[in-house]
Amino acid sequence: MGTAATPGPYMTNIKPCISSSRKIVVSTMVNIIAQHKEASWSGLASASHISSRQPFLHRITSKPVKFEKFVTRAMSEQSDNKPFSGLPIDLRGKRAFIAGVADDNGYGWAIAKSLAAAGAEILVGTWVPALNIFESSLRRGKFDESRILPDGSLMEITKVYPMDAVYDSPEDVPVDVETNKRYAGSSNWTVQELVECVKKDFGSIDILVHSLANGPEVSKPLLETSRNGYLAALSASSYSYISLLKHFLPIMNPGGASISLTYIASERIIPGYGGGMSSAKAALESDTRVLAFEAGRKHKVRVNTISAGPLRSRAAKAIGFIDMMIDYSLANAPLKKELSAEEVGNAAAFLASPLSSAITGAVVYVDNGLNAMGVGVDSPIFENLDIPKDN
């Protein structure tokens, strides 16, 4: 990670299998704290230096709290060389590969930022058709504001790899895809070739993140979904994780961690989330448990998945009803606040760290508690009940 927050180009156009030019590592640790959105950095730094438990409890209980005005932030390093007051998440010396980063407003980007804030070196895999735009945006500084870490430095991405996780090896690529102009100029982007390039460039990784999904018929009800559409959703959204983990495991260091992203539609009915996507997420969660056993026994690698709540990401907006899902969550979740991508990123940093060394095969819900609800309390049928409202 860079030690300065000066915006500007920071990447070169690196061809696959060519070692990256440089990586500046900042000694970083993460302290998960509650912070008001409007607090200044100086106020945040001083607030994190808690000398005793009692003043802290008094401070957070002395007046009503509105949850929607609070977020969590991953602190990369303590200011003024003062000691931490909480448990640090320290990923210094670790290398992470995040599959499925193509912009700066999704969960994949947020996870990369939290891992970087904790000290990890960041590699990303980007879908081939989106690669040129993503790399161009990085070079032109379009993402510089989004790259700012809690300590003021900029997240550095050591290398961006072209990737299409639907194809395991070159032999699997159909001619129409191989000759498609969107894939022109890129090579070594199947899963097998991707991992070979990472191994050649860096030798090994410690953390694997699967942050990709696609269902070509997601807007169709399940009864109207074609066989090809259904299988395409499973291939891109769940089997892609098996393939990535299968190929990366031989170069993952023992004690490493792998994380994927799932959604509550795997176990609850979400009308509009169709095309086999709910089935793909259910498969992903089932696979997480089996992969946790196999990867744990054979390679000492932990496997978990995060069931994240709705987010206004570019990919989610393509589904068409993401705003309604966010409104529904605000009205019905135990915590009445909009979920931030950063909160999912921080949960991923914890799951990737030694602090979660006994956690594997788990579905971790990061959705403001919406998964716990059995009914929608915004229904008129409950209007006469004494349901807690905002403070």
Side-chain angles (χ1 to χ4, degrees), residues 11-18 20 97-112 122-143 146 157-198 208-220 226 228-241 243-244 247-248 260-261 275-277 280 311-320 322 341:
M11 294 185 59
T12 56
N13 190 10
I14 307 170
K15 296 296 182 181
C17 288
I18 304 298
S20 61
F97 184 92
I98 299 95
V101 179
D103 55 44
D104 66 339
N105 71 346
Y107 284 136
W109 178 272
I111 291 172
I122 304 299
L123 314 175
V124 303
T126 301
W127 188 46
V128 180
L131 181 67
N132 288 336
I133 294 177
F134 181 65
E135 288 191 314
S136 175
S137 296
L138 284 170
R139 287 194 301 270
R140 289 161 46 203
K142 184 177 179 181
F143 298 151
S146 298
I157 299 177
T158 302
K159 187 166 182 179
V160 179
Y161 288 88
M163 181 193 74
D164 193 329
V166 168
Y167 305 106
D168 297 329
S169 65
E171 294 75 27
D172 298 328
V173 182
V175 174
D176 63 325
V177 173
E178 190 175 8
T179 58
N180 191 302
K181 64 180 182 180
R182 297 193 300 171
Y183 287 76
S186 294
S187 59
N188 300 319
W189 42 261
T190 65
V191 174
Q192 175 187 315
E193 295 170 301
L194 163 69
V195 176
E196 288 173 353
C197 286
V198 173
L208 173 65
V209 178
H210 177 275
S211 177
L212 55 96
N214 182 50
E217 299 180 17
V218 65
S219 61
K220 292 184 178 181
S226 69
N228 286 339
Y230 184 92
L231 295 176
L234 264 70
S235 175
S237 309
S238 53
Y239 187 79
S240 59
Y241 184 43
S243 180
L244 283 166
H247 287 85
F248 267 112
S260 65
L261 291 170
M277 281 304 300
L311 176 75
R312 287 189 179 91
S313 66
R314 189 170 290 112
K317 288 177 181 178
I319 298 175
I322 187 63

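Numbers here are sequence positions counted from 1.
A distance of 12.0 Å separates CG of Leu123 from SG of Cys197, quoted to the nearest 0.5 Å. For the atom pair Tyr107 OH and Leu212 CG, the distance stands at 15.5 Å (nearest 0.5 Å). Note: Phe97 CZ to Leu194 CG = 4.0 Å, rounded to the nearest 0.5 Å. A distance of 11.5 Å separates OH in Tyr241 from OG in Ser211, rounded to the nearest 0.5 Å.
Shown here for Gly100 and Met163, the closest heavy-atom pair between the two residues is N-CE, 3.7 Å. Here the shortest heavy-atom pairing between Gly106 and Ala341 reads O-CB, 4.2 Å. Here the shortest heavy-atom pairing between Gln192 and His247 reads CA-CD2, 3.9 Å. Of all the heavy atoms in Gly276 and Tyr230, the pair that sits closest is CA-CD1, 3.7 Å. When all heavy atoms are compared, the tightest approach of His210 to Ser240 is NE2-OG, 2.8 Å. Across Ala165 and Val191, no two heavy atoms sit closer than the pair CA-CG2, 3.7 Å.
A donor-acceptor pair under 3.5 Å links the side-chain atoms of Ser237 to the main chain of Ala233, judged by distance alone. Put simply, the side chain of Glu217 gets close to the backbone of Ser226: a donor and an acceptor are under 3.5 Å apart. With hydrogens and angles disregarded, a donor-acceptor distance shorter than 3.5 Å links the side chain of Ser238 to the backbone of Leu234.
Between Ile157 and Trp109 there is a side-chain heavy-atom pair separated by less than 4.5 Å. No side-chain heavy atom of Val166 sits under 4.5 Å from any side-chain heavy atom of Val177.
Contacts of Asp172 classified as side-chain contact (heavy atoms from CB on, under 4.5 Å), with partners at least two apart in sequence or in another chain: Tyr167, Asp168, Ser169.
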Listed pairs under 3.5 Å, donor-acceptor, residues 124-134 side chains, sequence neighbours left out:
residue	atom	partner	partner atom	Å
Thr126	OG1	Val101	O	2.7
Trp127	NE1	Asp164	OD2	3.3

